[in-house]
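Worksheet for the structure shown next.
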There are 2 protein chains.
Amino acid sequence: MKKPAPPRPGGRSERVKTAVFDAVEHLIADDPGGIPSMAAIAVRAGVNPTSLYRRWGDVNILVAEVATERLVRDLPVPDTGSLHGDLTGWASNVARNLNNRKNSALLRIMTATARASRTARDLNSLPIGRRIAELEAMLARARKRGEYAPDLMDILDFVLAPIYLRVLFMGAIRDADFVGRLVDRVLSPPL
Amino acid sequence: MKKPAPPRPGGRSERVKTAVFDAVEHLIADDPGGIPSMAAIAVRAGVNPTSLYRRWGDVNILVAEVATERLVRDLPVPDTGSLHGDLTGWASNVARNLNNRKNSALLRIMTATARASRTARDLNSLPIGRRIAELEAMLARARKRGEYAPDLMDILDFVLAPIYLRVLFMGAIRDADFVGRLVDRVLSPPL
DNA sequence: GGATTAAAGCAATAAAAATTGCAATAGCGA
DNA sequence: TCGCTATTGCAATTTTTATTGCTTTAATCC
């Protein structure tokens with residue numbers, strides 16, 4: 001019989017949070033268009049609704065926190081020896097990660113709840129900050145190799161943005177070579 | 001003294017709808033991050049809350065309908081004699097239209113509530129169908145003039161998507177030449 | 001091992017959202 | 001102009017959401 005995992009640091013508080021976040025993810029996967037109620041989340045997580053109100057106050061705040069944390073967790077940054085390979089691998093991971101009901105629903109929620117930064121002073125504080133950090137690491141590596149590295153904003157505009165548009169407004173990314181073409185284009189030096 | 005506009009066809013039903021949609025827009029402009037309650041909408045519109053529940057059933061359905069109808073209303077399709085001029089004018093209109101609190105909030109709501117088409121069979125049925133129809137008209141005109149016209153999907157990916165990404169995740173479009181650079185790039189034939 | 005504290009649970013209560021049955025009204029069409 | 005119908009309004013009621021005061025519990029620290 002499998003021994004239960006030892007409690008993670010933070011004790012019950014952390015266990016409750018994990019149970020709640022798991023519950024939110026499952027409920028969103030079950031009904032991607034809807035926002036679950038606090039009651040439903042509490043039942044699914046096996047906790048008391050009062051705990052949810054005390055800790056998060058509002059279901060939209062909770063759901064937003066789940067969406068950001070569970071969706072934008074670190075993706076591996078490939079190290080293929082070329083920026084083309086690295087970027088293709090990374091973008092394929094992003095696209096694949098979003099190409100299911102749960103994660104596309106989480107992206108939708110993250111988009112809906114994003115508090116747009118007023119100053120864009122710290123790009124890493126944006127909801128897509130993790131993606132940005134991954135790209136920065138990738139671009140720094142490319143420059144180290146002496147490769148042409150496009151501007152970070154260009155990759156956001158011409159790789160990440162089209163992926164998001166397809167997922168949010170066209171349901172899925174069905175074109176197998178879509179990511180490859182995006183990468184080819186952004187790595188073409190501007191005329 | 002200005003005479004009031006004659007009532008539009010559809011009578012009270014249409015007047016109630018207009019009042020309700022106006023109310024939703026104003027409440028969203030006042031608090032771009034929030035979804036107004038049915039009670040608040042009813043008060044602002046001067047109608048009975050029961051009418052809202054009877055007609056729309058759920059505040060999210062109502063707000064989604066307002067977001068789609070008020071945001072994605074027809075934008076003028078410029079006719080400058082060249083695709084470059086037409087596309088630049090069109091994209092500038094899209095960007096300018098979204099560069100205020102109300103419309104960016106409406107875009108966020110539209111994104112959150114978009115029911116992604118499963119088959120993408122009819123692009124025009126998508127929430128961004130109006131933008132697509134505008135682009136189709138523009139591209140048809142360019143082909144008539146014998147100009148190189150990129151694929152419609154490329155314009156969505158490399159012009160509309162970056163605009164949406166900036167608005168949704170970076171707060172606003174502050175780069176004055178942003179749209180110009182997007183158009184230049186998409187009109188460069190792929191290598 | 002025990003004290004302390006923060007987090008969670010419980011049950012009652014308050015507030016808000018949503019529904020229902022019936023009445024009133026707008027406005028279309030004959 | 002009048003009849004008819006769909007829509008809207010009203011008030012009461014139900015349901016759901018959210019809050020509150022107090023108790024219990026987990027777990028940290030000494």
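To find a chain, count down the sequence lines: A is the first, B the second, and so on, and within it residues start at 1.
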From the set D/dG21, D/dT8, C/dA18, return the single nucleotide nearest to any side-chain atom of A/Thr50. D/dG21
Minimum-distance nucleotide (side-chain atoms of A/Val47 versus D/dT19, C/dG9, C/dT19): C/dG9
Check whether any side-chain N or O of A/Ser51 sits under 4.0 Å from OP1 or OP2 of C/dA7, and answer yes or no. no
Selection from C/dG9, C/dT25, C/dA7 that lies nearest to any side-chain heavy atom of B/Arg12: C/dT25
For A/Asn103, is there any backbone N or O sitting under 3.5 Å from a side-chain donor or acceptor partner on A/Asn100? yes
End-to-end bend of the helix from C/dG1-D/dC30 to C/dA30-D/dT1 (five-pair axes, 10° rounding)? 40°
Minimum-distance nucleotide to B/Arg54 side chain [options: D/dT17, C/dA11, D/dC10]: D/dC10
Answer with base, sugar-phosphate or nothing: what part of the nucleic acid does B/Val59 contact at a heavy-atom distance below 4.0 Å? nothing
Without hydrogens or angle criteria, can the side chains of A/Asn99 and A/Arg96 be said to hold a donor-acceptor pair below 3.5 Å? no
Quick check on D/dT8: is either OP1 or OP2 less than 4.0 Å from any side-chain nitrogen or oxygen of B/Asn48? no
Report yes if the distance between the aromatic ring centroids of A/Phe169 and B/Tyr164 is under 6.0 Å, otherwise no. yes
Taking all heavy atoms of B/Pro150 and all of B/Leu83, pick out the closest pair and write down the distance. CD-CD2, 3.7 Å
Carboxylate-amine/guanidinium contact B/Asp157 A/Arg185, below 4.0 Å: no
Nucleotide nearest A/Tyr53 when distance is taken to its side chain, options D/dT7, D/dT19, D/dA27: D/dT19
Let me know which of B/Arg70, B/Lys17, B/Arg15 forms a salt bridge (Lys or Arg N to Asp or Glu O under 4.0 Å) with B/Asp22. B/Arg70
Is B/Arg15 near enough to C/dG27 that one of its side-chain N or O atoms lies under 4.0 angstrom from OP1 or OP2? yes
